[in-house]
2 protein chains.
Amino acid sequence: MPTDDPKPDTHQLAADSLKAHGHRYSSARRRIVEALLRIDGPVTIPQLVEADDSLALSSAYRNLSVLEESGVATRVVTPDDHARFELAERVTRRHHHHMICTDCGDVLDFELPESFEDSLDRELHQAGRSATFTIDRHHLDLLGTCSDCG
Amino acid sequence: MPTDDPKPDTHQLAADSLKAHGHRYSSARRRIVEALLRIDGPVTIPQLVEADDSLALSSAYRNLSVLEESGVATRVVTPDDHARFELAERVTRRHHHHMICTDCGDVLDFELPESFEDSLDRELHQAGRSATFTIDRHHLDLLGTCSDCG
DNA sequence: TCGAAATTGGGAATCACTCTTACTTTGATG
DNA sequence: CATCAAAGTAAGAGTGATTCCCAATTTCGA
């Protein structure tokens, strides 16, 4: 049972997080997590349901809210008008940012060098301090055109 | 007529931008720009109409789209489900980022040191290159709690 | 195993936003 | 300075993503 497994047991983590928030890891929720693992990258709920027909639309909306508030999934906000979801960084263990294609709406993940993330954090905390704003997290998005639309 | 006026003639800039896109700077559009100047910080359209009752809701929506595509206003996307608008950086001449209160939904502007913006740009272009993604602009948001909700 | 509590899912309801349409304003032109 | 076509206005209908409702089903602890 390695503690530093590059692919830790996502399902166990999901079950624990849900339980800690008073929810169950039901089969529908597991199917959603499996689809998110499979697809990789923030997806809209219609895309998710398309990827696994056994999911009901209304349950997918409800469950993604539950997964979000339990810290298993993250809601990704983009300029197009579907919400997108991906597994939370708590779960994937990787901090990343998003490249959003303003043409097709697709979202890609990317990472920055850790050293740069550190100086980014320093700058942001500085800014938060001077505005008396308590920082929970940051989002860094690139808006532009992906290679498909380029 | 100083060229480097800290408060350049926003209305002239707005009129020119609109004309360049085949639109007029009508009185309703001027009232919207005036409200955006007065309020400062991204506001929802209901907030805007509240700030100036003479504005009609449907016209406000339509005109903000026109102002956006003419480069006068910018649509700000946040986790709550109202679109927010502010004057474009082209118009204000200041690059800034957003602190978003996840409690009340309010959005504050903040700026980073220019030197840091430069190294940020370098990192992002590096990342864009390796993903074959053409960067148009970036967004850097702080999510957390504002001083009112703290 | 049993029962209470949680979950499911299909369809109705909601609500921010956009479209339609008939009317008004604007400004270029003769 | 009169005309009129293009541009703008605004009230309300329409749209579509998301949420709500609730009866039926599943789950888990005792």
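Note on naming: letters A, B, ... go to the chains in the order of the sequence lines (proteins, then strands), and numbering restarts at 1 for each one.
Put simply, the side chain of E89(B) gets close to the backbone of H96(B): a donor and an acceptor are under 3.5 Å apart. Judged by distance alone, the side chain of Q47(B) and the main-chain N or O of T44(B) form a donor-acceptor pair under 3.5 Å. Side-chain atoms of S59(B) do not come within 3.5 Å of backbone N or O of L55(B) as any donor-acceptor pair.
Toward the 5' end of DNA chain C, the nearer of the two residues I45(B) and A56(A), judged by each one's closest nucleotide, is A56(A).
Distance, H21(B) NE2 to dG8(D) P: 13 Å, rounded to whole Å. Taking atom CG of L57(A) as the reference point, atom C1' of dT7(C) lies 17 Å away to the nearest angstrom. In this entry the distance linking CG of L18(A) with P of dT8(C) reads 10 Å, nearest Å. The CZ-C1' distance, from R31(A) to dG9(C), rounds to 11 Å in whole Å. Atom NZ of K19(B) is separated from atom P of dT26(C) by 15 Å (rounded to the nearest Å). The interatomic distance linking L55(B) (CG) with dA11(D) (P) rounds to 12 Å, in whole Å. For the pair R30(A) CZ and dT7(C) C1', the computed distance is 16 Å after rounding to whole Å.
For the atom pair NE2 (H82(B)) and CD1 (I45(B)), the distance works out to 9.0 Å, reported to the nearest 0.5 Å.
Of the listed nucleotides (dG29(D), dC20(D), dG8(D)), dC20(D) has the atom at the smallest distance from the side chain of S58(A).
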- Task: Please test K19(A) against S70(A) for side chain to side chain contact (heavy atoms under 4.5 Å, CB included), starting from the C-alpha separation and ending with a verdict.
- Result: CA-CA 9 Å; K19(A) 177 168 288 183; S70(A) 302; over 6 Å; no
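Using a 4.0 Å cut-off on heavy atoms, none of the residues of residues 64-87 of chain A approach DNA chain C.
Outside the 6.0 Å centre-distance limit, the rings of H97(A) and H138(B) are not counted as a close aromatic pair.
In this structure, R94(A) places its CZ atom where only 12 or fewer heavy-atom neighbours from other residues, nucleotides or ligands lie under 6.0 Å away.
Between E34(B) and R30(B) there is a salt bridge, since a side-chain N of the basic residue sits under 4.0 Å from a carboxylate O of the acidic one.
Between N63(A) and dT7(C), a side-chain N or O to OP1/OP2 separation shorter than 4.0 Å is absent. Side-chain N/O atoms of Y61(A) include none lying less than 4.0 angstrom from OP1 or OP2 on dT19(D). Using a 4.0 Å cut-off, no side-chain N or O of H23(A) falls inside it from OP1 or OP2 of dA6(C). Proximity of S59(A) to the phosphate of dG9(C): a side-chain N or O atom is located under 4.0 Å from OP1 or OP2.
The side chain to side chain donor-acceptor pair (under 3.5 Å) with N63(A) is formed by just one residue from the set H23(A), E68(A), R29(A), R31(A); it is R29(A).
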So which protein N/O to nucleotides 22-27 of chain D N/O distances come out below 3.5 Å?
unit_1  : atom_1 : unit_2 : atom_2 : d
dT27(D) : O2     : R24(A) : NH1    : 3.3

